[in-house]
Participant: 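Before I ask anything, here is the structure I am working with.
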Amino acid sequence: MNDVFDLGTLAGACALAALGLAWPRLSRRLALSRAKHPSLTGHARIAKRVAALVPGYAYDEARFFGADGAPPEVLARRRAGFVRLAAHLNTRHAKSIALTQSARAGISDLQFTGAYRVPFQFSRYLRQQVGIGAFVQRTDGVLVTDLDGQRFYDLTGSYGVNVFGHDFYKACIAEGAARAAELGPLLGSYHPAVAWNVEQLQRLSGLDEVSFHMSGTEAVMQAVRLARYHTRRPYLVRFSGAYHGWWEDVQPGPGNPLPPGRTYTLKEMDARTLKVLRQRRDIACVLVNPLQALHPNAAAPGDSALIDSSRRAGFDRAAYAAWLQQLRQVCTERGIVLIFDEVFVGFRLGIGGAQQYFGVQADLVTYGKTLGGGLPVGVVCGKAALMKRYREERPADICFARGTFNAHPYVMAAMQVFLERLHSEPVRVMLQGADERWNRRAEQLNLRLREAGLPVQVANLGSIWTVYYTQPSRYNWMLQFYLREQGLLLSWVGTGRLIFSLNYGDEEFEAVLQRFVAGARAMQADGWWWAGPGLTNKAIRGSVLREMLRHRF
């Protein structure tokens, strides 16, 4: 009996000891799970599995117009409005559309953007009826002219390049090309502009060293590589919804390939994330995209995912700055490299970028797009200890990074012109009081929309805006086509992102404002924002889920 008791006691003691030994690891794992965002954007592998279950199907004509159960009178208005809108766009932009359609078979980007401009159920019928021209021929000020001579107010921002206006960058490219003409595309040796650019970037970034790359994605890749190399730790932390280029697993989400990676996707502006950073010893770096301040923990708001009206955004500068300061403190304490990815927002928030704007110094900063003066480029600025690519005490232990076109003379010369003009009087005027000016403009538009009884509002981070909707609807994505009819050019993600160049004057902005309201009025008049009893965002999502299950099973 004593033997049995002794054995049971021993087994229990061993179990408790094993639990005690395992508890720190289990505790860290639990903390990591709690710091992840509960949505699919926070769980990349689950998102990939879910994506594999989503069936491909397309609405027929009847379902296209009546997916929300609207009554016959409303359906008739929608059909008539859609026919008019399609005829207008197809006729007005015939040449641009024709070239786009003929080129589409050979340009994979056109195939992708065309298919994912709206929710996939609506896409096929829409593409059959409405053509979108991807080709344009010139820019002037804030205007873009297509092949048919039709002029648009540009709200694409060239995906972040166009901070100061098209004419600014055309001048940078032209003058830069003239400066580099005698050297031509000589590679390996440096144009003198390189040394001058480095001095300027050291001053602007507050960091010690600079390396040049071919794209923003490539710059971020190198920054992460350097962080891993110097910390000898494998993992990077990114925040749910943030974009850092399309490489490896830093771009998780439904359907994206996931090679074996070492990335934690955590919640932004959350104390549980700070706890994880304090506890773990395997984190090399934290990657921050300051654009997320507009919509923390949410993916880039494209209209292809706009199945209801749950999209929201809003910018609180003080709150986001406080978050970054906490992040800075924890990273310093734990020897984690803090990386600011300013490829998109760089210099739009001010000459010192997001670091100056939020009052936080990063360890590594990446730039791209606009810094090339209109030509492709990626740049890493960092502390000297982090930028070094070799170890003198172990000469075979290196962090090699090179590229055939790094520091291309034409890019470096255009960058030099850009950096010179960054301190010019016209740029100073555009940046001075920019926050107040663009906040005031956003509120002007919101006030007009509210006065007109339209279920649309905007939120902004300076001159980067996103549109959200205040009434449940399955057809909010239609607004991009009504805005196009009004002569407003949006990027392929639709109303999720409107990017103004800072050279928009009050008169030009007023023209955009009037056209935006006119487009929304026309959409409302055509019945797309019908609000029936029981039509809620939850009901819409439930309806779409049941629909998918029927098609899947």
Side-chain angles (χ1 to χ4, degrees), residues 93 95-96 99-100 109 113 132-180 215-216 342-351 367-377 410-432 434 437-438 441 460 462-465 483-484 486-493 497-513 515-516:
H93 307 288
K95 292 179 182 178
S96 304
L99 183 56
T100 302
D109 285 346
T113 56
I132 296 294
F135 289 88
V136 296
Q137 61 178 321
R138 65 175 294 137
T139 59
D140 303 277
V142 298
L143 298 173
V144 177
T145 304
D146 72 3
L147 306 186
D148 300 85
Q150 299 295 329
R151 305 178 86 189
F152 294 90
Y153 284 90
D154 186 10
L155 303 182
T156 70
S158 296
Y159 298 91
V161 173
N162 187 15
V163 176
F164 300 117
H166 294 293
D167 296 332
F168 176 95
Y169 294 95
K170 286 192 284 188
C172 288
I173 292 172
E175 187 174 339
R179 292 185 187 186
S215 68
E342 297 205 42
V343 171
F344 195 99
V345 301
F347 309 108
R348 186 174 287 272
L349 299 177
I351 290 178
Y367 301 106
K369 299 183 188 301
T370 194
L371 182 55
L375 296 179
V377 75
Y410 283 83
V411 177
M412 291 297 106
M415 182 186 295
Q416 183 180 40
V417 179
F418 172 87
L419 289 169
E420 289 170 355
R421 294 181 178 222
L422 194 59
H423 300 281
S424 67
E425 180 63 16
V427 168
R428 188 193 67 78
V429 170
M430 281 188 266
L431 290 175
Q432 188 174 31
R437 180 163 56 255
W438 288 100
R441 287 174 172 177
N460 72 299
S463 56
I464 303 171
W465 295 18
L483 296 182
R484 191 175 188 86
Q486 290 294 325
L488 302 181
L489 186 64
L490 279 60
S491 63
W492 75 274
V493 299
R497 189 152 289 161
L498 313 180
I499 309 169
F500 292 86
S501 52
L502 299 182
N503 63 323
Y504 262 89
D506 289 341
E507 185 176 330
E508 293 155 330
F509 177 76
E510 177 63 26
V512 169
L513 188 154
R515 289 164 185 249
F516 193 103

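No hydrogens, no waters, no symmetry mates; every other heavy atom, side chains included, goes into these values.
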Participant: For atom CD of Glu425, decide whether the heavy atoms of other residues, nucleotides or ligands shown that lie under 6.0 angstrom number more than 12.
Facilitator: yes
Participant: How many angstroms lie between CD1 in Ile499 and CZ in Phe344, if you round to the nearest 0.5 Å?
Facilitator: 3.5 Å
Participant: For Arg437 and Asp506, what are the C-alpha separation, side-chain angles and deciding distance, and is it a salt bridge (Lys or Arg N to Asp or Glu O under 4.0 Å)?
Facilitator: CA-CA 10 Å; Arg437 180 163 56 255; Asp506 289 341; over 6 Å; no
Participant: Compare all side-chain heavy atoms of Thr370 with those of Tyr169 and state whether any distance is below 4.5 angstrom.
Facilitator: yes
Participant: Are the side chain of Asp154 and the backbone of Val142 linked by a donor-acceptor contact shorter than 3.5 Å?
Facilitator: no
Participant: OH/Tyr159 to CH2/Trp492 distance, rounded to the nearest 0.5 angstrom?
Facilitator: 7.5 Å
Participant: Backbone N or O of Arg515 within a donor-acceptor pair of the Tyr153 side chain at under 3.5 Å?
Facilitator: no
Participant: Report the C-alpha separation of Thr113 and Val493 in whole Å, then their side-chain angles, then the decisive distance to 0.1 Å, and conclude whether the side chain to side chain contact (heavy atoms under 4.5 Å, CB included) test is met.
Facilitator: CA-CA 8 Å; Thr113 56; Val493 299; over 6 Å; no
Participant: So, does Thr156 use its side chain to make a donor-acceptor pair with the main chain of Ser158 at under 3.5 Å?
Facilitator: yes
Participant: Return the orientation label for the Trp465 and Phe509 ring planes: parallel under 30°, perpendicular over 60°, tilted otherwise.
Facilitator: perpendicular
Participant: Between Ser463 and Leu502 (side chain of the first, backbone of the second, donor and acceptor by atom type, cut-off under 3.5 Å), is there such a pair?
Facilitator: no
Participant: More than 12 heavy atoms of other residues, nucleotides or ligands under 6.0 Å from CZ of Arg138: yes or no?
Facilitator: no
Participant: Grab the two heavy atoms, one from Ala413 and one from Ala180, that are nearest each other, plus how far apart they are.
Facilitator: CB-CB, 4.0 Å
Participant: Looking only at heavy atoms, what is the nearest atom pair of Gly505 and Glu508, with distance?
Facilitator: N-OE1, 2.8 Å
Participant: Tell me the closest heavy-atom pair linking Arg421 and Cys172, and the distance in Å.
Facilitator: CD-SG, 4.1 Å
Participant: Once rounded to the nearest 0.5 Å, what's the spacing between atom CG of Asp148 and atom CG of Leu99?
Facilitator: 10.5 Å
Participant: If you define the side chain from C-beta out and look only at heavy atoms, does anything of Leu483 sit under 4.5 Å from Phe516?
Facilitator: yes
Participant: Quick one: closest heavy-atom pair of Val345 and Ile464, and the distance?
Facilitator: CG1-CD1, 4.1 Å
Participant: Out of Met430, Arg348, Lys369, which residue meets the side-chain contact (heavy atoms from CB on, under 4.5 Å) rule with Val163?
Facilitator: Arg348
Participant: Evaluate the side-chain proximity of Leu489 to Leu155: yes if any heavy-atom separation is below 4.5 Å, no if none is.
Facilitator: no
Participant: Once you round to the nearest 0.5 Å, how far does CZ of Arg151 lie from OG1 of Thr139?
Facilitator: 10.5 Å
Participant: Below 30° counts as parallel, above 60° as perpendicular, anything between as tilted: where do the rings of Tyr504 and Phe500 land?
Facilitator: perpendicular
Participant: Rounded to the nearest 0.5 Å, how far does CG of Asp140 lie from OG1 of Thr145?
Facilitator: 5.5 Å
Participant: Could you state the interatomic distance from CD (Glu420) to CD (Gln416), rounded to the nearest 0.5 Å?
Facilitator: 5.0 Å
Participant: Run the ring-ring contact (aromatic ring centres under 6.0 Å, His included) check on Phe347 and Tyr367 step by step: do they pass?
Facilitator: CA-CA 9 Å; Phe347 309 108; Tyr367 301 106; 5.2 Å; yes
Participant: Quick one: closest heavy-atom pair of Gly462 and Asn460, and the distance?
Facilitator: O-ND2, 2.9 Å
Participant: Which atom pair, heavy atoms only, marks the closest approach of Val427 to Leu422?
Facilitator: CG1-O, 3.3 Å
Participant: Kindly indicate whether the side chain of Arg484, heavy atoms from C-beta on, has any atom under 4.5 Å from the side chain of Leu490.
Facilitator: no
Participant: Can you confirm whether Thr100 sits close enough to Ile132 that some side-chain heavy atom of one is under 4.5 Å from a side-chain heavy atom of the other?
Facilitator: no
